Amino acid sequence: MGNVSRRRDGQVLVFDADDTLWENNVLFERVIGDFLEWLDHPTLDRAEIRAILDDIERANAVAHGYGSKVFLRSLGECLERLRQRPATEAERREIDGLAAALVAHQVELMPGVTEALDALAGRHELLLLTKGERAEQQRKLDASGLLHHFRAAHIVREKDVDTYRWLTREHGVDPAVTWMIGNSPKSDIRPARAAGLNAVFIPNDNTWVLEHDELDPADPGVLRLSAFPELLRHF
């Protein structure tokens with residue numbers, strides 16, 4: 001649970017967006033499910049195909065970043081690898097159709113997010129830090145109706161140790177009273193802790209597999225909660 005005292009006003013709370021403030025990866029998982037069903041590979045099962053797709057997504061995330069456009073690229077490359085030929089125009093239209101909902105989907109806030117942010121903004125300084133394709137993330141931020149809670153919102157290519165160090169310098173905040181709040185061990189918790197920030201881990205069952213990582217259960221600087229509204233009991 002951590003040994004830093006709770007309910008001190010005037011702290012800095014930095015929020016992740018996707019799968020912390022609103023649902024995100026569950027939409028991608030639905031598309032992947034439809035994609036695997038459509039492929040109907042004659043020899044590989046769904047788990048084997050998913051492992052190939054994960055490898056492709058991992059490489060594309062490094063080379064091209066995140067977001068629905070990169071995801072579509074990964075689906076196309078997965079199809080081409082499995083069929084050992086370039087995708088046809090009809091196949092590319094099918095993939096585009098499967099993923100159309102990613103662009104059109106309305107932002108679905110996590111339960112209790114609006115009420116919790118209303119209360120927290122009165123006691124603390126709130127920042128937002130999200131990674132991904134800028135225009136896509138900005139669309140979700142605008143649609144969420146949450147931006148007025150935050151002193152600043154930053155969209156970055158990657159959330160690593162250098163990003164968190166830059167954030168503390170940019171805003172002149174003390175890492176010792178700054179908390180990164182998110183669902184991803186890889187992007188939200190581990191690099192924030194390495195940069196000297198505290199962290200709040202709120203797991204999401206639909207967190208992208210590439211964002212999974214091990215956390216030290218004895219780390220006193222990590223607070224583990226089961227739902228977003230629980231923040232009000234600690235901050």
Side-chain angles (χ1 to χ4, degrees), residues 11-32 57 60-61 64-75 96-160 163-164 166-168 170-173 178-184 186-188 191-192 197 199-200 202 204-208 210-211 227-229 231-232 235:
Q11 299 191 74
V12 181
L13 308 183
V14 185
F15 290 87
D16 171 50
D18 290 339
D19 295 317
T20 297
L21 300 181
W22 54 71
E23 293 284 7
N24 181 66
N25 197 58
V26 65
L27 305 176
F28 288 81
E29 290 296 329
R30 290 170 187 163
V31 174
I32 291 172
E57 285 199 280
N60 278 337
H64 305 291
Y66 304 91
S68 59
K69 290 181 181 178
V70 179
F71 176 65
L72 283 174
R73 181 190 186 116
S74 295
L75 294 181
D96 289 345
L98 290 173
L102 294 175
V103 177
H105 193 274
Q106 297 298 310
V107 171
E108 180 182 341
L109 298 181
M110 296 291 188
V113 161
T114 299
E115 297 81 1
L117 290 179
D118 283 341
L120 293 169
R123 300 196 290 265
H124 306 283
E125 177 181 335
L126 309 189
L127 301 173
L128 189 142
L129 181 68
T130 182
K131 71 178 182 181
E133 197 277 322
R134 179 167 295 277
E136 186 171 353
Q137 291 303 98
Q138 190 64 54
R139 179 192 66 79
K140 289 186 282 186
L141 291 173
D142 292 340
S144 73
L146 299 176
L147 274 173
H148 66 283
H149 292 296
F150 302 101
R151 186 177 102 180
H154 298 286
I155 301 171
V156 296
R157 179 179 172 86
E158 190 59 84
K159 289 159 74 174
D160 53 21
T163 302
Y164 289 99
W166 166 83
L167 187 73
T168 58
E170 176 73 8
H171 292 282
V173 298
T178 302
W179 296 77
M180 180 62 204
I181 299 163
N183 67 292
S184 168
K186 177 178 177 289
S187 295
D188 299 325
L197 284 69
V200 180
I202 308 177
N204 184 315
D205 290 341
N206 295 304
T207 295
W208 190 22
L210 301 190
E211 293 293 333
F228 197 92
L231 288 165
L232 296 175
F235 299 97

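From a predicted model like this one, the values you see are computed outputs, not experimental measurements.
Using a 4.5 Å heavy-atom cutoff, the side chains of Tyr164 and Thr178 are not in contact. Between Val14 and Phe150 the shortest side-chain heavy-atom distance does not fall below 4.5 Å. Within the 4.5 Å cutoff, side-chain heavy atoms of Thr114 are placed close to those of Asp118. A heavy-atom distance below 4.5 Å is found between the side chains of Ile155 and Leu141. Using a 4.5 Å cut-off on side-chain heavy atoms (C-beta onward), Lys131 and Arg157 make no contact.
Within a 6.0 Å sphere centred on NZ of Lys186, heavy atoms belonging to other residues, nucleotides or ligands number more than 12.
Of all heavy-atom pairs between Asp19 and Glu23, the closest is OD1-C, 3.8 Å. Leu232 and Ala116 make their closest contact through CD2-O, 3.8 Å (heavy atoms, listed as atom of the first residue, atom of the second, distance). Closest heavy-atom contact between Val107 and Ala143: CG2-CB, 3.9 Å. Across all their heavy atoms, Asp16 and Gly182 have their closest contact at CB-CA, 3.9 Å. Nearest approach of Met180 to Ala192, heavy atoms of both residues: CB-CB, 3.6 Å.
Judged as a salt bridge (charged side-chain N to carboxylate O under 4.0 Å, His left out), and not counting sequence neighbours, the contacts of Arg151 are Glu125. Listed by chain and number, the residues in a ring-ring contact (aromatic ring centres under 6.0 Å, His included) with His149 amount to none (sequence neighbours excluded). For the salt bridge (charged side-chain N to carboxylate O under 4.0 Å, His left out) test, residues two or more places apart in sequence or in another chain that qualify with Lys140 are Asp18.
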Check step by step if side chain to side chain contact (heavy atoms under 4.5 Å, CB included) holds for His171 and Leu127.
CA-CA 9 Å; His171 292 282; Leu127 301 173; 3.8 Å; yes

Quick one, Leu128 with Leu146, criterion side chain to side chain contact (heavy atoms under 4.5 Å, CB included). Give me CA distance, side-chain angles, the key distance, then yes/no.
CA-CA 10 Å; Leu128 189 142; Leu146 299 176; over 6 Å; no

Starting from the C-alpha separation in whole Å, work towards a yes-or-no answer on side chain to side chain contact (heavy atoms under 4.5 Å, CB included) for Asp142 and Leu147.
CA-CA 7 Å; Asp142 292 340; Leu147 274 173; 3.5 Å; yes

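Atom CG of Leu120 sits about 6.0 Å away from atom CG of Leu231, to the nearest 0.5 Å. Atom-to-atom distance recorded for Asn24:CG and Glu108:CD is 11.0 Å, nearest 0.5 angstrom. Rounding to the nearest 0.5 Å places CZ of Arg139 at 10.5 Å from OG of Ser144. Separating the OG1 atom in Thr20 from the CG atom in Leu129 is a distance of 11.0 Å, to the nearest 0.5 Å. Expressed to the nearest 0.5 Å, how far OH of Tyr66 lies from CD of Glu57 amounts to 10.5 Å. Rounding to the nearest 0.5 Å gives a distance of 10.0 Å between CD of Gln138 and OG1 of Thr130.
Within the 3.5 Å criterion, the main-chain N or O of Phe235 finds no donor-acceptor partner in the side chain of Gln11. Between the Asn206 side chain and the Asn25 main chain, no donor and acceptor come within less than 3.5 Å of each other.
Between Thr207 and Asn183, the side chains place a donor N or O and an acceptor N or O closer than 3.5 Å (distance only, hydrogens not considered). When only modelled atom types and interatomic distance are considered, Glu211 and Ser187 share a side-chain donor-acceptor pair under 3.5 Å.
Phe228 and Phe15 have tilted rings, their planes meeting at an angle from 30° to 60° on a 0 to 90° scale.
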